[in-house]
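Order of appearance sets the numbers: ligands from 1, and atoms from 1 within every ligand.
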Amino acid sequence: MTINVMTPCCIAGCGPAGALVGYLLARAGVSVVVFEKHGDFLRDFRGDTIHPSTLEILDELGLADRFLGLPHSKVSKLSVRTTTGQKMVLSLERLPTKFRFIAMVPQWDFLEFLTKEAARFSTFRLLRNAEVIGLLEADGVIRGVRYRDNAGEHEIEALLTIGADGRSSVTRQAANLPQVQAAPPMDVFWFRVSRHPGELTEIGLRLGTGLGLVLLDRSDYWQVAYIIPKGAADRIRTQGLDGFRKAIVTVAPELHDRVAEIRDWDQVKLLTVRADRLTRWHRTGYLAIGDAAHAMSPVGGVGINIAIHDAVAAANILWRPLVAGNITRSDLADVQRQREFAVRVIQAFQSAIQSQIIKPMLEGNEPPSLPWVLRATLRVPFLRDLPPRLVAFGIRRPHVQSPSAFVS
Ligand SMILES: Cc1cc2nc3c(=O)[nH]c(=O)nc-3n(C[C@H](O)[C@H](O)[C@H](O)COP(=O)(O)OP(=O)(O)OC[C@H]3O[C@@H](n4cnc5c(N)ncnc54)[C@H](O)[C@@H]3O)c2cc1C
C-alpha cells in the first residue's frame, strides 16, 4: 500500500543528529516525521559520551537537569599511559563551563529521553520500525522518502528531507553526493568486563607493544575498546580467546582477575572503523547531517557531539524557511558552510592521532612512546587546556537560536 502524505520535513534516522534536529524543528513549530528503522534504541556499544557542549545545549533548552537525573557516571579526566610508564592526562576540570565532565549515559537512554521530550510537541512524529529505502525525486529535486514498515512500502512527500541515517546512510547514497574517504589504520573490538568499586574514574587509553586499549568507566563495568590493525579481526579470532585475554592483561594488568569473563567471541563485537566526508552535503530538497555527512573515527569519542552540533546549526538556519514553506539550495549550503570547517579540523586532529600514535603503536615491535610535542604542550599552562577544549566543545560550537513555538 502506498500512502502519499505531504509534510514540511522528514528525517531519516533517529540517532543523536536526527532526534535533536527533529526536536528543535518540532519545537519551532515545523511538522516533522522522523523514521527509525529499529523498534527501539537498544544497541550495544554505540557512543555513550555526552560532552560538555552537548550538555550546554540541553541546558539552553531547559533539559539539562532532567537529563542529568538519568543514571550516569561523570568523567573529567582522559589519560594516556604506556606500558613503559609514560603518562599524559587531559583534564576537563579547568574548562569555562558549568559542565566540566563527560556524562556517560547509554545512548538508548539519551535517545529515549530526547524523543520523549520531543513528543510533547504536537508537531513531532516518530515512526519506529520504519526503514527509509529510497528518496523520491522529480526534475532533479528530492521530494521525500520511500519507506518500509510492517504494513508494506509507503511514500511521504516533503519539502525537505534530512538524511541523519548514520555512516551507512541509504539517503546520501541515493542522493549521489560526492565524498572523500580517509584510511584509518585500525578496527576496534568492543567488549565489557566488570569494574570494581573505587577504581579510577576516567577514560583511559593504554598503549602497549602492538596493542592499544581504551577503557571507558561505565560505573559497574568497563567498556573496553581493543584497537587492532585494520582487517586483522579474523587473524586475531583464529589465534583464540586465550591469547586475546593474555594480550589484554599485558596492557591493563589490573584486569587480570576479570578477563575470564570474556568466555565467547559473541561477547566481542567488531567495529570496522570508517572515516569519510561528503564534499557537498545537500541537493535541492535534501541535506545530510551527522555521520551521514561525515562518518567519524572513534578517536576522541566526539562523533555524538559533532552530530549534535550539526543538528543545532541545521535547525538554527532552516526553521524559518521551513515555517515559510520555501527552502532554497542556499539555505542548505549555509548549513554546510557553518559546519564543514569544524568537521574538517576534528577529522584532521583524529588523523594526526591515528598516524602519530595509533599506527606506530600497532606496527611497532618496540614499546610505544608518546610524541614529545604533545607531552610538552600539556606542560605549558596556556596550552594544556587546548586538547581538552577540542574534545569538550569541538570547534565553533553552535548555540540554540531556533525558537520555541510552544508555551512551556
Ligand atoms: C561502536 C561505536 C562506538 C562509538 N563510540 C563513540 C563514543 O564513545 N563517543 C562518541 O561521541 N561517538 C562514538 N561513536 C560514534 C557515534 O556513535 C556517531 O558519530 C554518532 O552516533 C553519529 O550520530 P548520527 O545521529 O549521525 O548517526 P547514528 O548514531 O548512526 O544514528 C543513525 C540512526 O539512523 C537509523 N537508520 C539507519 N539507516 C536507516 C534507514 N534507512 N531508515 C531509518 N533509520 C535508519 C539507525 O538505526 C540509527 O538509529 C561510536 C560509534 C560506534 C559505531
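- In the candidate list Ile50, Val132, Val21, Val132 is nearest to atom 42 (N) of ligand 1, counting heavy atoms.
- The line from NE2 of His256 to NZ of Lys246 is 15.0 Å long, rounded to the nearest 0.5 Å.
- One finds the CG atom of Leu25 at 9.0 Å from the OG1 atom of Thr123 (value rounded to the nearest 0.5 Å).
- No hydrogens or angles considered: nothing links the side chains of Thr7 and Glu157 as a donor-acceptor pair under 3.5 Å.
- In terms of N/O distances under 3.5 Å, ligand 1 is not approached by Ile289.
- Atoms of ligand 1 lying under 4.0 Å from any heavy atom of Ala17, numbered from 1 in the order shown and given with element: 25 (O), 26 (O).
- In this structure, of Pro16, Ser168, Ser169, Ala12, the residue bringing a heavy atom nearest to atom 24 (P) of ligand 1 is Pro16.
- By the 30° and 60° cut-offs, the orientation of the rings of Phe244 relative to Phe191 is perpendicular.
- If you check the side chains of Thr272 and Asp187, you find no donor sitting under 3.5 Å from an acceptor.
- Residue Thr49 places at least one N or O, backbone or side chain, under 3.5 Å from an N or O of ligand 1.
- Asp59 contributes no side-chain N or O that, together with a main-chain N or O of Ala64, makes up a donor-acceptor pair within less than 3.5 Å.
- Near Gly290, the atoms of ligand 1 lying under 4.0 angstrom from a non-hydrogen atom of the residue are 26 (O).
- Checked against a 3.5 angstrom limit, the closest N/O atoms of Glu36 and ligand 1 fall inside it.
- Of the possible polar contacts, none joining the Lys37 side chain to the Cys14 backbone as a donor-acceptor pair under 3.5 Å is found.
- Between Leu271 and ligand 1, no N or O atom pair is found at a separation short of 3.5 Å.
- Counting heavy atoms under 4.0 Å from ligand 1, residue Ala19 does not touch it at all.
- In the vicinity of His38, heavy-atom distances shorter than 4.0 Å reach the ligand 1 atoms 47 (O).
- Those atoms of ligand 1 with a heavy atom of Cys14 less than 4.0 angstrom away are 33 (C), 34 (O), 49 (O).
- Residue-level proximity to ligand 1 for Val302 is carried by the backbone, the only part with a heavy atom below 4.0 angstrom.
- At least one N/O-N/O distance between Gly301 and ligand 1 falls below 3.5 Å.
- Among Asp217, Asp220, Asp257, the single residue meeting the salt bridge (charged side-chain N to carboxylate O under 4.0 Å, His left out) criterion with Arg195 is Asp217.
- By the criterion of a heavy-atom distance under 4.0 Å, the side chain of Trp190, and not its backbone, is placed next to ligand 1.
- Here is the list of ligand 1 atoms found below 4.0 Å of a heavy atom in Ala130: 43 (C).
- Polar contact check, Lys37 against ligand 1: a nitrogen or oxygen pair lies under 3.5 Å apart.
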Side-chain donor-acceptor pairs under 3.5 Å in residues 129-143, sequence neighbours left out?
| from | atom 1 | to | atom 2 | distance (Å) |
| --- | --- | --- | --- | --- |
| Asn129 | OD1 | Gly39 | N | 3.1 |
| Glu137 | OE2 | Arg283 | NH2 | 2.7 |

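- Applying the ring pair (Phe, Tyr, Trp, His ring centres under 6.0 Å) test to pairs two or more places apart or on separate chains, those with a residue in residues 284-332 are Trp281-His294.
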